Amino acid sequence: MATTHKTRMLIIGSGPAGLSAAIYGARAGMQPIVVQGLQPGGQLTITTDVENYPGFRDVIQGPWLMQEMQAQAEHVGTRMMWDTILDVTMDGSPFRATGDSGDVYEGDVLVIATGAQAKWLGVPGEQELSGKGVSACATCDGFFYRGKKVVVIGGGNTAVEEALYLTNHSTDVTLIHRRDSLRAEKILQDRLHAHPNIKVLWNQKVDSFVSEDGKGLTGVKLIDTVTGEQSIALTDGAFVAIGHAPATELFKGKLELDDSGYIVVEPGTPKTAIPGVFACGDVMDHTYRQAVTAAGTGCMAALDAERFLADLDYKATQTVEA
């Protein structure tokens with residue numbers, strides 16, 4: 001039987017942004033509910049080594065960090081819900097969200113922290129061979145290619161990080177990039193070029209993923225972006241690492257989105273165009289997309305939500321007195 005859960009602060013998403021908002025919201029007495037979604041803990045749950053999150057001298061593990069964040073949020077009074085939101089009504093406070101379970105969640109304020117998802121190339125063989133040699137997560141699937149030949153496709157931070165990670169499992173890693181230079185941070189590029197087990201194929205565009213036996217990936221068909229020459233890069237595993245797209249399908253037609261699909265907020269704040277609705281983390285950040293910045297905007301969302309509710313309560317008091 002469906003249940004209606006009511007709270008002062010409803011949070012959709014459970015990555016660093018959502019859990020940080022929950023921690024601050026709970027400490028402010030808003031008794032937040034966090035609906036965790038399809039990927040509880042967000043992208044950090046598929047990230048192994050984390051060395052740039054403040055407060056930790058040594059390398060920490062992404063899943064461990066998210067477990068600690070969730071435990072902290074629960075310790076101060078957050079309710080965690082294992083559900084996926086299918087529909088949201090944002091006509092005004094209270095805001096209503098309907099879950100896949102059939103349960104309804106009502107919040108006087110709504111914090112959107114749904115994050116981002118991996119992008120795909122959209123070329124032949126990609127989806128057909130997904131899980132059969134093609135992946136978008138080296139930390140999830142790299143173990144299956146121990147001692148095998150692997151390629152990584154992309155030229156940004158994600159691609160370089162994936163390539164470096166895969167050297168934990170393979171001595172034959174190739175980075176394929178459609179341009180003649182990388183977009184990744186210099187420190188990552190330096191590590192990549194210094195690694196003896198990584199080579200780079202420049203000016204190569206992926207045309208398709210190839211399977212000779214129809215059962216699993218055997219190679220990647222490439223087209224040289226300068227000469228037009230075609231070639232096949234033989235490989236056991238291919239990791240697509242071309243970035244992420246914000247998880248905003250749920251909010252199309254309900255909130256303003258930019259050309260890339262990110263939620264538009266008031267500059268320097270997590271405030272959307274709808275009073276009482278806030279967006280934080282990767283769902284609104286197309287520039288930084290870091291765990292620490294996501295956590296920071298989650299804090300901002302909670303503080304602004306607290307101010308919004310205080311104003312709402314004050315106006316209600318004035319109406320009663322009048």
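Quantities reported herein were computed from a predicted structural model and do not represent experimental measurements.
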ILVMFWY network linking Tyr24 to Met300, side-chain heavy atoms under 4.5 angstrom:
no

Closest heavy-atom contact between Ile11 and Pro32?
CD1-CB, 4.0 Å

Linked, directly or transitively: Met30 and Leu303 (ILVMFWY side chains, under 4.5 Å):
no

Taking every non-hydrogen atom, the tightest pair across Leu110 and Met90:
CD2-SD, 3.7 Å

Take Lys132 and Asp213 through the salt bridge (Lys or Arg N to Asp or Glu O under 4.0 Å) test and state the conclusion after the steps.
CA-CA 12 Å; Lys132 301 176 183 178; Asp213 57 10; over 6 Å; no

Just by modelled atom types, is the Val123 backbone N or O under 3.5 Å from a matching donor or acceptor in the Ser208 side chain?
no

Thr297 vs Tyr288, test: side-chain contact (heavy atoms from CB on, under 4.5 Å). Steps then yes/no.
CA-CA 11 Å; Thr297 57; Tyr288 302 104; over 6 Å; no

Answer with yes or no whether the side chains of Ser101 and Asp83 bring together a donor and an acceptor at under 3.5 Å.
yes

Output yes when a side-chain donor or acceptor of Asp258 lies under 3.5 Å from a complementary backbone atom of Gly261, and no otherwise.
yes

How many angstroms lie between atom OG1 of Thr3 and atom CE of Met81, to the nearest 0.5 angstrom?
9.0 Å

Above 12 or not: heavy atoms from other molecules or residues under 6.0 Å from CD of Gln31?
no

Does the pair His177 and Arg183 meet the rule for a side-chain contact (heavy atoms from CB on, under 4.5 Å), with working shown?
CA-CA 10 Å; His177 187 42; Arg183 304 185 311 277; 3.6 Å; yes

Any side-chain heavy atom of Ile112 within less than 4.5 Å of one from Val88?
no

Report yes or no: do Leu86 and Tyr105 belong to one cluster of Ile/Leu/Val/Met/Phe/Trp/Tyr joined by side chain heavy-atom distances under 4.5 Å?
no

So, using salt bridge (Lys or Arg N to Asp or Glu O under 4.0 Å) as the criterion, who are the partners of Lys221 when residues are at least two apart?
Asp207

Same cluster or not: Val277 versus Leu10, using hydrophobic residues (I, L, V, M, F, W, Y) connected whenever any side-chain heavy atoms lie under 4.5 Å apart?
yes

Find the distance between CD (Gln127) and CG (Leu121) and round it off to the nearest 0.5 Å.
10.0 Å

Does any N or O in the side chain of Thr171 come within less than 3.5 Å of the main-chain N or O of Asn197, such that one atom is a donor and the other an acceptor?
no

Report yes if the side chains of Thr167 and Arg191 come closer than 4.5 Å at any heavy-atom pair, otherwise no.
no

Go through the steps for Thr235 and Lys149 under the test side chain to side chain donor-acceptor pair (under 3.5 Å), then give the verdict.
CA-CA 5 Å; Thr235 188; Lys149 183 180 179 69; over 6 Å; no

Decide whether Leu166 and Leu164 are clustered together by the hydrophobic rule: side chain heavy atoms of Ile, Leu, Val, Met, Phe, Trp, Tyr closer than 4.5 Å, transitively.
yes

Which word best sums up how the rings of Phe56 and Tyr53 line up, parallel for under 30°, tilted for 30 to 60°, or perpendicular for over 60°?
tilted

What I'd like to find out is whether the side chain of Glu256 reaches to under 4.5 Å of the side chain of Thr272, using heavy atoms alone.
no

Closest non-hydrogen atoms of Lys254 and Ile274, given as atom of the first, atom of the second and distance, are O-CD1, 3.5 Å

Leu222: which of Glu229, Gln204, Lys205, Gln230 passes side chain to side chain contact (heavy atoms under 4.5 Å, CB included)
Gln204

Would you please test Leu182 and Trp202 for side-chain contact (heavy atoms from CB on, under 4.5 Å) and show each step?
CA-CA 9 Å; Leu182 301 174; Trp202 301 106; 3.8 Å; yes

Please name the residue in the list Asp311, Asp313, Thr317 that meets the side chain to side chain donor-acceptor pair (under 3.5 Å) test with Lys315.
Asp311

What I'd like to find out is whether the side chain of Val292 reaches to under 4.5 Å of the side chain of Asn52, using heavy atoms alone.
no

Could you measure the distance from the OG atom of Ser130 to the CG atom of Leu217? Nearest 0.5 Å is fine.
11.0 Å

Not counting sequence neighbours, list each pair that qualifies as a salt bridge (charged side-chain N to carboxylate O under 4.0 Å, His left out) and has a residue in residues 9-34.
none

Return yes if some donor-acceptor pair links the side-chain N/O of Thr248 with the main-chain N/O of Ile263 below 3.5 Å, else return no.
no

Hey, is the main chain of Gly243 close enough, under 3.5 Å, to the side chain of Thr158 for a donor-acceptor pair?
no

Whether the side chain of Ser93 engages the backbone of Asp108 through a donor-acceptor N/O pair (distance < 3.5 Å, no angle test) should be reported.
yes

Evaluate side-chain contact (heavy atoms from CB on, under 4.5 Å) for Gln70 paired with Glu74, printing each intermediate quantity in order.
CA-CA 6 Å; Gln70 179 175 328; Glu74 291 178 307; 3.8 Å; yes

Does any N or O in the side chain of Asp141 come within less than 3.5 Å of the main-chain N or O of Gly131, such that one atom is a donor and the other an acceptor?
no

I'd like to know if the side chain of Asn168 reaches the main chain of Tyr165, judged simply by a donor and an acceptor atom lying under 3.5 Å from each other, with no hydrogens or angles considered.
yes

For Thr45 versus Pro63, what's the shortest heavy-atom pair and its separation?
O-CG, 3.5 Å

Count the heavy atoms belonging to other residues, nucleotides or ligands that lie under 6.0 Å from CD of Glu128, then report whether that count exceeds 12.
yes

For the student: nearest non-hydrogen atoms of Ala294 and Pro16, plus distance:
CB-CB, 4.3 Å

Side-chain touch Phe278/Lys271, heavy atoms, less than 4.5 angstrom:
yes

What distance do Leu234 atom CG and Glu212 atom CD have between them, rounded to the nearest 0.5 Å?
7.0 Å

Value for CD (Gln189) from CD1 (Ile187), rounded to nearest 0.5 Å, stands at 11.5 Å

Report yes or no: does Thr227 contribute a side-chain atom to a donor-acceptor pair with the main-chain N or O of Asp224 at less than 3.5 Å?
no

Passes salt bridge (Lys or Arg N to Asp or Glu O under 4.0 Å), Asp190 versus Lys186? Steps please.
CA-CA 6 Å; Asp190 291 343; Lys186 186 177 184 303; 2.9 Å; yes

Audit row: Asp172, Lys199, salt bridge (Lys or Arg N to Asp or Glu O under 4.0 Å) steps and yes/no:
CA-CA 8 Å; Asp172 191 342; Lys199 61 178 177 288; 3.2 Å; yes

Pair Tyr145 and Phe239, ring centroids less than 6.0 Å apart
yes

When you look at CD of Glu249, are more than 12 heavy atoms from neighbouring residues, nucleotides or ligands closer to it than 6.0 Å?
no

As an exercise, state the distance from CD of Glu162 to CD1 of Ile242, rounded to the nearest 0.5 Å.
12.0 Å

May I ask you to decide if Gly13's main-chain N or O and Thr114's side chain share a donor-acceptor pair within less than 3.5 Å?
no

Is it true that, when you exclude Arg79 itself, more than 12 heavy atoms of the residues, nucleotides or ligands shown sit nearer than 6.0 Å to its CZ?
yes

Identify the heavy atoms of Glu126 and Val240 that sit nearest to each other, and give their distance.
OE2-CG2, 3.7 Å

